[in-house]
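Quick caveat, the model's predicted, so the values are computed rather than measured.
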Amino acid sequence: MSNDDLYYKAMLTRDSRFDGLFFIGVKTTGIYCRPICPAQPLRKNIHFYPHAHAAEQAGYRPCLRCRPESAPQSAAWIGTSAIVRRALNSINTSNPTNYQEDDFASRFGLSARHLRRLFQEEIGKTPKQVIDMQRINFARQLIIESEISLTRIAFLSGFGSVRRFNDAIKKRFTRSPSELRKNRSRKKGTSKQVTLHVAYRPPFPWQDILRPFKLHEIEGLENISEQCYQRVINIDGQIAHISVKDMTNKHQLQLTVSANDLRHLYIIVSKVRLMFDTDSNPLVVQKTMRQHRLTKKLYEQYPGLRIPRAWDAFEVAICTILGQLVSIKR
């Protein structure tokens, strides 16, 4: 079976395991969709693309129904070299308003020109273009899922002015910010609390993922139950509270952030993606672990294995040292 045949079958069944691994360009409408989109175009009217950027380069615009920008990231979009991967990770965990091309490249011992060339070769975009795309995607998520004012969203997503924000959104989605927000259902929220959603590919063993967090739970800082992970965070002196719940039937996590200042919201969402390994591809993990008898047995016992990460590296170091000296529980 060819890749296109496999992709078409996944599209017809709306298989969530393939979400973000490819996208469907619909020739008759000029839009591109996720495999889980309710739309079912005819085979003759579609073309498959490995990532959203390839679809947009071909002239397609994002679907307003399935929202391709909210899909889990795919391997085609994370680069192949260590430098590009490190740079993309830095982009994902940094405030988009602080980007300076020369300073950013110097973190990796490269000139801005050299880093641009590596990005172009591996993912077809420069670091600046990646950041611009990420912040537009983030802006649309806030428009659709939150009650934050459009003016505030413009600055939270790294735009220097409301006019530039409006122009960028309309160019990408062929709708103004107010038009994108107009027809969506009313969401509950305040200026100090926002609830967003982070997609993942099933299977997603929520209880198994929570187990290492529960073993290392820090009293007074974290509160972990079977249904929810909660903790207090500190970013640049700004205190916030996060709550993460699994929405199994929708294949996504529900993230609620409460803070007096939401300026670090982009970083918080990115770190939660890393904490719960939401961009993992279970099909690749399954294929790899089945190559050895012992790991095959392990995967069959725990399908959908992920690599949970802590919020803070310093906390991990302290817990590791104390765990060696006494015990994890003590």
Taking the side chain as C-beta and beyond, is there a heavy-atom pair between [X] and [Y] under 4.5 Å?
X	Y	result
Ser70	Ile144	no
Pro282	Pro203	yes
Ile136	Lys171	no
Lys296	Met289	no
Val198	Gln252	no
Ile31	Arg65	no
Phe159	Asn166	no
Gln129	Gln120	yes

Practice problem: Locate the shortest heavy-atom distance separating Cys228 from Lys245; write the atom from each residue and the value. | Solution: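 That closest heavy-atom pairing would be SG-CG, 3.8 Å.
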Quiz prompt | Taking every non-hydrogen atom, the tightest pair across Pro205 and Gly304 | solution = CD-O, 3.1 Å
Nearest 0.5 Å, what's the [atom1]-[atom2] distance between [X] and [Y]?
X	Y	atom1	atom2	value
Lys27	Asn45	NZ	CG	7.0 Å
Thr174	Arg172	OG1	CZ	11.0 Å
Ile235	Arg263	CD1	CZ	11.0 Å
Ser81	Arg86	OG	CZ	10.0 Å
Tyr7	Phe22	OH	CZ	7.0 Å
Lys182	Ser176	NZ	OG	7.5 Å

Quiz item: Can you list the steps and then say if Val162 with Phe155 is a side chain to side chain contact (heavy atoms under 4.5 Å, CB included)?
Solution: CA-CA 8 Å; Val162 175; Phe155 294 103; 4.2 Å; yes
When you check the gap from the basic side-chain N to the acidic O, do [X] and [Y] get nearer than 4.0 Å?
X	Y	result
Arg116	Glu101	yes
Arg164	Asp167	no
Lys9	Asp5	no
Lys125	Glu56	no
Lys214	Glu217	yes

Practice problem: Is it possible for you to check whether Arg140 lies under 6.0 Å from the centre of the six-membered ring of Phe173, through NZ or CZ, and within 45° of that ring's axis? | Solution: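 Yes - Arg140 lies over the ring of Phe173, closer than 6.0 Å to its centre and within 45° of its axis.
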Quiz item: Taking the six-membered ring of Tyr266 as reference, does the NZ or CZ atom of Arg135 fall below 6.0 Å from its centre and within a 45° cone about the axis?
Solution: no
Quiz item: Does the side chain of Tyr229 come under 3.5 Å of the side chain of Glu222 through a donor N or O and an acceptor N or O?
Solution: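 The answer is yes; a qualifying pair exists.
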Exercise. Examine the side chains of Tyr200 and Asp246 and answer whether a donor and an acceptor come within less than 3.5 Å of each other.
Key: yes
Practice problem: Please lay out, stage by stage, how Gln193 and Ser258 fare under the test side chain to side chain donor-acceptor pair (under 3.5 Å). | Solution: CA-CA 4 Å; Gln193 185 181 83; Ser258 303; 3.1 Å; yes
Practice problem: Test salt bridge (charged side-chain N to carboxylate O under 4.0 Å, His left out) on Arg107 and Asp103 and set out the steps. | Solution: CA-CA 7 Å; Arg107 297 184 199 175; Asp103 292 342; over 6 Å; no
Quiz item: With Asp19, which of Arg201, Arg14, Arg34 fulfils side-chain hydrogen bond (donor to acceptor under 3.5 Å, both in side chains)?
Solution: Arg34
Just wondering, more than 12 heavy atoms not from [X] lying within 6.0 Å of its [atom1]?
X	atom1	answer
Gln324	CD	no
Arg113	CZ	no
Ile307	CD1	no

Quiz item: If you group Ile, Leu, Val, Met, Phe, Trp and Tyr by side-chain heavy-atom gaps below 4.5 Å, do Ile268 and Ile148 land in one group?
Solution: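 Yes, Ile268 connects to Ile148 through the hydrophobic network.
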Quiz item: Among the clusters formed by ILVMFWY side chains lying less than 4.5 Å apart, do Ile123 and Phe23 turn up in the same one?
Solution: no
Quiz prompt | Asn223 (side chain) donor-acceptor with Gln230 (main chain) under 3.5 angstrom | solution = no
Quiz item: Is there a donor-acceptor contact under 3.5 Å from the side chain of Lys271 to the main chain of Trp311?
Solution: yes
Quiz item: Can you check side chain to side chain contact (heavy atoms under 4.5 Å, CB included) on His264 and Ile233, steps first, answer last?
Solution: CA-CA 11 Å; His264 298 298; Ile233 60 174; over 6 Å; no
Self-check item: Full working for side chain to side chain contact (heavy atoms under 4.5 Å, CB included) between Cys37 and Ile24
Solution: CA-CA 9 Å; Cys37 186; Ile24 304 112; over 6 Å; no
Quiz item: Where do Glu226 and Gln207 land on the side chain to side chain contact (heavy atoms under 4.5 Å, CB included) test, with the steps shown first?
Solution: CA-CA 7 Å; Glu226 291 184 0; Gln207 297 303 323; 3.8 Å; yes
Quiz prompt | Ring centroid separation Tyr60 to Tyr32 under 6.0 Å | solution =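 No.
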